[in-house]
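When a ligand or atom number is given, it counts from 1 through the structure's own listing order. The first residue of the sequence shown is numbered 1, and numbering continues consecutively from there.
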Amino acid sequence: MSRDVNLGSTMTPRLHPHASASGKVILVGEHAVVYGQPALAAGLPDGLELWASPLDRRTDATRLVIPEWQLDLVLTPDNDHPVARATLEVLGFCDGPLTGWRITGTSRLPSRAGCGSSAALSVALARLVLGDEAAPADIIEASLAGERVFHGNPSGIDNLVATTGGIVRFVKGQPAAEIAVKAPLPLLVVPTGIPRSTAAQVTKVRERLARLPSIVRPILDAIGHATDDAISAINSCNYNILGEIFTVTHELLSSLGVSCPALDSLQADALSAGALGAKLTGAGGGGCLLVLPPADPSPVIDAMRARGLEPLAVEVR
Ligand code: PMV
């Protein structure tokens with residue numbers, strides 16, 4: 001990668017004053033993607049913004065503060081908080097400054113809810129060092145140094161959409177393909193506030209597949225078909241069909257055992273309020289509900305608020 005911001009210079013490495021990154025949501029294909037089926041992910045615009053300012057003393061430890069994620073970390077080398085380690089990994093990978101800065105962030109993404117918050121952080125940090133003009137491939141490569149701290153061996157899809165936004169189709173082990181978005185796609189992402197473990201959810205599917213292969217295998221295949229049907233629906237701006245695909249996919253995922261009562265009843269409420277479709281997104285078992293809203297989303301938003309939940313309204317571009 002080209003890292004000409006700080007290389008070959010005797011100057012103290014610096015950070016740019018501002019950087020941002022998108023979040024991510026899986027539109028269709030979660031869980032089936034683990035078994036080689038295609039999945040579709042979308043960038044959530046304006047996911048995270050970071051601002052950097054130098055401390056008076058360049059030898060003081062850098063501080064990272066993101067109030068919405070309850071983060072206030074002093075980045076000393078012995079701080080074993082995963083966010084502190086990931087931050088220093090990304091800054092180090094880019095030959096950025098490891099001390100002497102205050103980095104403040106603001107985010108509308110829920111953290112640890114399948115919305116790509118960790119990838120957004122790694123991508124925005126890489127941009128703080130390398131700048132907005134850096135090639136996307138360089139930003140992705142640098143950000144993966146951070147994502148590996150969180151997720152060991154990440155697929156990289158979160159980092160890709162955090163960098164480029166838009167919609168991408170991906171198949172495990174193959175390069176991702178961008179899907180042209182002809183008209184902005186409005187979505188509501190509803191955080192349930194219920195924590196979930198991606199690893200535990202993936203294990204559930206693996207065990208059900210082992211017990212009931214002749215039933216579960218066709219369900220995984222059907223989810224793969226749903227991904228490609230969703231691409232056709234997005235291409236033709238057929239939101240009624242896209243919504244129906246969301247809803248059917250929720251039922252398929254539910255039959256794999258990865259929904260939960262709260263997601264099921266939230267989905268029912270969204271549909272009763274006029275949503276074109278709704279499904280769990282990502283690992284399931286909690287996390288977020290993804291809703292394709294009608295032209296006037298307010299009845300759906302009100303229905304979610306009546307349950308004490310605040311939907312994130314986005315337009316995928
Ligand atoms: O909720 P997330 O962002 O962790 O998404 C998990 C997606 C799965 O398909 C369930 C797992 C995977 O590795 O693709």
Side-chain angles (χ1 to χ4, degrees), residues 21-44 47-48 69 82 86 107 109-123 143-144 146-163 167-176 187 189-209 216-217 219-227 230 246 249-250 252-260 262-263 266 278-290 312 314 316:
S22 298
K24 89 82 223 306
V25 73
I26 297 183
L27 298 178
V28 195
E30 52 274 269
H31 287 289
V33 72
V34 174
Y35 300 93
Q37 294 294 333
L40 211 51
L44 300 174
L48 174 70
W69 296 348
S107 177
L109 302 174
S111 62
R112 297 186 296 272
C115 288
S117 55
S118 60
L121 176 63
S122 298
V123 165
S143 70
L144 280 168
E147 194 71 343
R148 276 191 281 274
V149 173
F150 295 112
H151 298 299
N153 184 20
S155 69
I157 191 65
D158 287 21
N159 300 64
L160 173 64
V161 291
T163 304
I167 297 182
V168 294
R169 177 188 189 271
F170 65 103
V171 177
K172 209 163 100 178
Q174 295 179 15
L187 294 171
V189 181
V190 190
T192 62
I194 300 171
R196 89 285 182 267
S197 152
T198 298
Q201 295 291 101
V202 168
T203 300
K204 262 194 221 172
V205 176
R206 193 181 63 236
E207 291 175 351
R208 185 164 283 187
L209 175 63
V216 171
R217 182 63 67 186
I219 296 172
L220 296 169
D221 293 347
I223 294 174
H225 294 309
T227 294
F246 276 18
T249 309
H250 180 85
L252 293 172
L253 288 164
S254 189
S255 71
L256 295 178
V258 295
S259 189
C260 65
L263 278 168
L266 202 56
K279 64 183 281 291
L280 68 84
T281 178
C288 295
L289 185 78
L290 176 65
L312 172 66
V314 296
V316 175

### Task
Could you pull out all residues at least two apart from S118 that satisfy side-chain hydrogen bond (donor to acceptor under 3.5 Å, both in side chains)?
E147, H151
### Query
Which pairs count as salt bridge (charged side-chain N to carboxylate O under 4.0 Å, His left out) when at least one residue sits in residues 24-35, sequence neighbours excluded?
K24-D158, E30-K279
### Message
To check you understand the geometry: which heavy-atom pair defines the closest contact between G146 and A86, and what is its length?
### Response
O-CB, 3.6 Å
### Message
I'd like to check the salt bridge (Lys or Arg N to Asp or Glu O under 4.0 Å) partners of R169; sequence neighbours left out, ordered by chain and number.
### Response
D228
### Message
Between T192 and G287 (side chain of the first, backbone of the second, donor and acceptor by atom type, cut-off under 3.5 Å), is there such a pair?
### Response
yes
### Query
Should S107 and S117 count as side-chain neighbours, where that means a heavy-atom distance under 4.5 Å?
no
### Query
Which protein residues have a heavy atom under 4.0 Å from ligand 1?
K24, I26, E30, H31, V33, V34, G114, R196, T198, V202, G282, A283
